[in-house]
Engineer: 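Pasting a structure below so you can have a look.
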2 protein chains.
Amino acid sequence: MADSSTQVRPGGRSAKVRAAVHRAVAELLAEEEAEALTLPAVAARAGVHPTTLYRRWGSTAQLLNDVATSRFTGDLVVPDSGSLAGDLQRWLADVATDVADPDTLAIMRAAIGSGPAGGCACTEDRHRQLGAIIRREQDRGGAALDVESAADFLLGPLYYRAIFTPEPASPDWARTLVSTYLATLRTP
Amino acid sequence: MADSSTQVRPGGRSAKVRAAVHRAVAELLAEEEAEALTLPAVAARAGVHPTTLYRRWGSTAQLLNDVATSRFTGDLVVPDSGSLAGDLQRWLADVATDVADPDTLAIMRAAIGSGPAGGCACTEDRHRQLGAIIRREQDRGGAALDVESAADFLLGPLYYRAIFTPEPASPDWARTLVSTYLATLRTP
DNA sequence: CCACTAACGCAACGATCAGTGCGATAATTT
DNA sequence: AAATTATCGCACTGATCGTTGCGTTAGTGG
């Protein structure tokens, strides 16, 4: 980790291999079953030698963690509509559309199954984004919301439907979710 | 499915094998990593020949589905405290304690990672239990709640914290969750 | 108690996976 | 441009997985 004796080299070739491997993981999870995601299979799909995967990632669990974090980080723009309700509604609707995609769900499922850190990798950046929205409302002079409880009431139902129920939530439903959540804050 | 040419035989030996295999799956998921859950490994732990697992379940995905459904079905008693709030609070607190157990979480994670049906297997009976609580309130003359939306607001945050955040929710937090949910119903 | 057969154990096989040593390639620094 | 070395490809090996055919055990109904 902090071993500076070996300097990292993120140049052209490594980046291309990384991108090809990530794409191969997403494609395999979209087509085949989850058990088919072995390192040799990913290597063959990516046009890379299996040894490379064994050395760079070591196991499918670490590979899935890497794929999940890079897939669910920086993919959504945090909106600035001028009001908290508008920001939350637009953002949560984007999250809903993202989470309604079957291929995206396959990545999330595989990441969750790879270990305790897999689920966190899917929502860490979502929490950061929600924190940014809430902080901006504070700068406007609005209420100081708790990020964790907001995540519970907004992301909770959304991800629950996506993972634990047959059909995921719609963007419209996400917007009504924001409305009812903000209503509970006004009437404690 | 409806093929009655082969009659099922759930007698003593089959039941013992099934129980031993289920216990072996739970133990392996509690100790080793998720990738270590192969059919030969489960067979060795259960004291059963691997061929039996290949024939009865075929793959780890179907085995995990079977384990999840039997683990999360009929394990909680639906309370009858006389009031909707009491029933929900007692029940959701039990769900919270169940979902806070690391071994239980490992089974859930593995089931989710095995495919789209894995997550449903973990919550199908929870929905039935919630439906029973709501139906009883109706019989008392109370409000007619929607089971799906109740699951969204009660089970959603609970399972979200369990799967997507480092530390799961506590039973006390589950009780406050019920209070705030019932408050939103009174002030629409 | 006897016949029937579902379910299990056993042995063997090909296929695939996981890992290692070594040389080649290319990114980075001087 | 040359030297350095992180990174990748290749060939090879042992271990493990997934599957099949066949005999044995033990539930189930007559």
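The figures here come from the full heavy-atom set of this structure, side chains too, leaving out hydrogens, waters and symmetry mates. Small disclaimer: the values here were computed from a predicted structure and weren't measured. Naming convention: chains lettered A, B, ... in sequence-line order (proteins, then strands); numbering from 1 in each chain.
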Engineer: Ignoring hydrogens and angles, answer whether the base of D:dT7 and the side-chain atoms of A:Arg56 contain a donor-acceptor pair closer than 3.5 Å.
Structural biologist: no
Engineer: Just grab all the side chain to side chain donor-acceptor pair (under 3.5 Å) pairs involving residues 108-119 of chain B, residues at least two apart or on different chains.
Structural biologist: none
Engineer: Which whole-number value in Å describes the distance from A:Leu37 CG to C:dT16 P?
Structural biologist: 16 Å
Engineer: Got B:Phe164 and A:Met108 here, is their nearest side-chain heavy-atom distance under 4.5 Å?
Structural biologist: yes
Engineer: Counting only N and O atoms by type, is there a donor-acceptor contact under 3.5 Å from the side chain of B:Thr60 to the main-chain atoms of B:Thr38?
Structural biologist: no
Engineer: Give a yes or no on whether B:Arg90 atom CZ has more than 12 heavy-atom contacts from other residues, nucleotides or ligands under 6.0 Å away.
Structural biologist: no
Engineer: Respond yes when some side-chain nitrogen or oxygen of A:Tyr54 is under 4.0 Å from OP1 or OP2 of C:dG19, and no when none is.
Structural biologist: no
Engineer: Closer to the 5' end of DNA chain C via nearest nucleotide, is it A:Ala36 or B:Thr51?
Structural biologist: B:Thr51
Engineer: Do any of residues 38-49 of chain B sit with a heavy atom less than 4.0 Å from DNA chain D, and if so which?
Structural biologist: B:Thr38, B:Pro40
Engineer: Looking at side-chain heavy atoms only, is the closest gap between B:Leu37 and B:Val42 below 4.5 Å?
Structural biologist: yes
Engineer: Report the distance from atom NZ of A:Lys16 to atom P of D:dG9, rounded to the nearest whole Å.
Structural biologist: 13 Å
Engineer: Taking side chain as C-beta onward, heavy atoms only, is A:Thr73 less than 4.5 Å from A:Glu124?
Structural biologist: no
Engineer: Base, sugar-phosphate or nothing for A:Thr52? Non-hydrogen atoms, less than 4.0 Å.
Structural biologist: sugar-phosphate
Engineer: I need the CZ-C1' distance between B:Arg13 and C:dT5, as an integer number of Å.
Structural biologist: 11 Å
Engineer: Once you round it to whole Å, what is the distance between C1' of C:dA6 and CZ of B:Arg18?
Structural biologist: 16 Å
Engineer: Of B:Arg55 and A:Arg55, whose closest DNA chain C nucleotide lies nearer the 5' terminus?
Structural biologist: B:Arg55
Engineer: Expressed as a whole number of angstroms, how long is the span from B:Trp57:CH2 to D:dG18:P?
Structural biologist: 15 Å
